[in-house]
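Heads up: numbering here begins at 1 and tracks the sequence.
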Amino acid sequence: MSLQLTGIHHLTAITANARENLRFYTQTLGMRLVKKTVNQDDTTAYHLFYADGEATPGTDLTFFDWPVNREARGTHSVSRTGLRVGSTQSVEWWAARLRELNVTIGDVIEIDGRMSLDFEDGEGQRFRLIDDGGLAPSHPWDRSPVPVEHQIKGLGPIVMSVPDITNTEIVLEHVMNMKKQRQYPSPDGNGAVHVFSMGEGGPAAELHVAVEPGLPTARQGAGAVHHVAFRAPDEAALHEWTARLLSFQLPSSGEVERFYFRSLYFREPNGILFEIATDGPGFAVDEPLETLGEGLSLPPFLEHKRAQIEARLKPLV
């Protein structure tokens with residue numbers, strides 16, 4: 001069997017307001033802060049990880065806190081992040097909740113055969129809540145303000161925008177071993193969206209590529225997505241992916257030790273940053289599952305700088 005990615009691992013976005021970010025994702029969306037750490041390449045910035053109750057791979061929505069201007073939207077970017085819930089009733093429940101909390105939302109409509117609700121956070125970060133048909137397990141957080149049956153289960157599908165799919169499609173199918181499943185009209189009216197799946201498929205393992213040649217090139221900022229990461233089960237699989245990219249002469253970062261997982265970064269032909277990340281060892285490697293995210297966690301290679309790092313971070317609450 002060919003080397004396979006097993007789904008979406010995490011998605012990392014950008015915020016310019018960590019305090020409001022924490023409030024929105026834990027109180028409005030009811031996700032769990034499972035890791036409060038720093039950007040390992042820029043330790044002046046928080047790196048906040050929100051996930052389900054057990055910090056399961058495939059549920060992590062993460063943010064770099066950088067003092068930047070708002071994103072200029074366009075193509076060559078990840079344009080919308082899917083968040084899965086367990087039923088159409090949950091999508092309707094969320095529409096009522098978000099409307100009541102004055103969150104910017106669209107209408108509940110069917111997109112690609114699934115009941116969906118588009119919404120944005122206060123910085124314009126774009127999301128799509130979708131009914132996953134109860135396909136995936138749920139690991140709710142018992143301290144969430146959102147009832148168990150309506151909690152966000154995880155990520156997917158992820159939508160990215162490109163002006164020309166030709167070379168991107170070659171990389172997705174022939175390098176990354178994704179399967180092209182179907183296409184559907186863009187709900188924005190901008191052409192077709194092509195659906196690629198990984199592993200066993202389903203919404204937790206889909207990448208949707210919107211072809212939008214008429215848009216300007218996006219410029220990253222607050223409200224933008226920095227990169228999307230795909231799941232590799234373990235380090236042995238990641239070593240195989242590293243060798244595979246090399247065999248296709250696709251430039252990459254080489255393997256990077258992130259402590260909570262091991263990573264490999266590269267750009268697809270339209271310049272969007274991809275990461276392949278291992279499922280383990282996970283976020284409970286340095287603090288108990290019960291108290292994840294309550295203190296500032298630093299990987300061992302930054303621990304000796306703790307006092308210096310903490311002095312430069314602004315309080316979150």
Side-chain angles (χ1 to χ4, degrees), residues 2-14 31-42 45-52 54-64 78 81-84 136 139 153-158 160 171-172 175-178 196-200 202-207 225-246 250-268 272-287 292-293 297-302:
S2 63
L3 186 60
Q4 290 289 308
L5 300 163
T6 57
I8 307 298
H9 185 283
H10 68 268
L11 178 133
T12 295
I14 302 168
M31 300 178 77
R32 183 182 183 189
L33 179 67
V34 296
K35 191 63 60 178
K36 179 168 59 175
T37 184
V38 293
N39 181 319
Q40 294 177 10
D41 305 311
D42 173 14
Y46 280 112
H47 192 180
L48 304 176
F49 291 76
Y50 307 102
D52 68 4
E54 297 180 14
T56 314
T59 71
D60 310 331
L61 179 60
T62 96
F63 287 86
F64 295 144
V78 174
T81 301
L83 299 173
R84 294 176 286 108
H139 303 285
K153 295 167 66 176
L155 296 172
I158 305 299
M160 58 185 253
V171 168
L172 297 183
V175 180
M176 301 177 72
N177 288 332
M178 295 188 190
F196 297 84
S197 70
M198 297 159 266
E200 296 179 1
E206 286 179 0
L207 183 65
V225 170
H226 187 269
H227 65 270
V228 59
F230 307 100
R231 293 174 66 178
D234 51 36
E235 284 196 31
L238 191 69
H239 297 336
E240 290 187 66
W241 281 110
T242 304
R244 186 169 177 80
L245 294 186
L246 194 61
L250 197 61
S252 81
S253 63
E255 293 181 28
V256 181
E257 179 56 64
R258 295 302 191 193
F259 187 53
Y260 308 111
F261 42 83
R262 195 168 175 85
S263 298
L264 173 68
Y265 300 87
F266 62 100
R267 292 189 185 274
E268 58 78 45
I272 297 167
L273 185 60
F274 283 176
E275 175 184 353
I276 299 174
T278 57
D279 279 355
F283 295 118
V285 70
D286 62 350
E287 54 182 345
L292 288 180
S297 295
L298 296 175
F301 48 85
L302 291 177

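- The main-chain N or O of A55 is never found under 3.5 Å from a side-chain atom of T59 such that the two would form a donor-acceptor pair.
- Between the side chain of E287 and the main chain of G293, a donor-acceptor pair closer than 3.5 Å is present.
- One distance of note links CZ of F259 with CG of L298; it measures 10.0 Å at 0.5 Å rounding.
- A donor-acceptor pair under 3.5 Å is absent between the side-chain atoms of R231 and the main chain of D279, judged by distance alone.
- Using modelled atom types, one side-chain atom of T37 and one backbone atom of S297 make a donor-acceptor pair closer than 3.5 Å.
- There is a side-chain donor-acceptor pair under 3.5 Å between S2 and Q4.
- The pair D52-R84 does not count as a salt bridge, with every side-chain nitrogen at least 4.0 angstrom from each carboxylate oxygen.
- Counting only distance, with no hydrogens or angles, the side chain of T12 and the backbone of H226 share no donor-acceptor pair below 3.5 Å.
- Residue E275 forms a side chain to side chain donor-acceptor pair (under 3.5 Å) with just one option from H9, H10, R258, and that option is H10.
- Checked against a 6.0 Å centroid threshold, the rings of F64 and H47 count as neighbours.
- Counting heavy-atom neighbours within 6.0 Å of E257 CD, excluding the residue itself, gives a total above 12.
- Aromatic ring orientation, F261 versus F283: perpendicular (interplanar angle above 60°, classes split at 30° and 60°).
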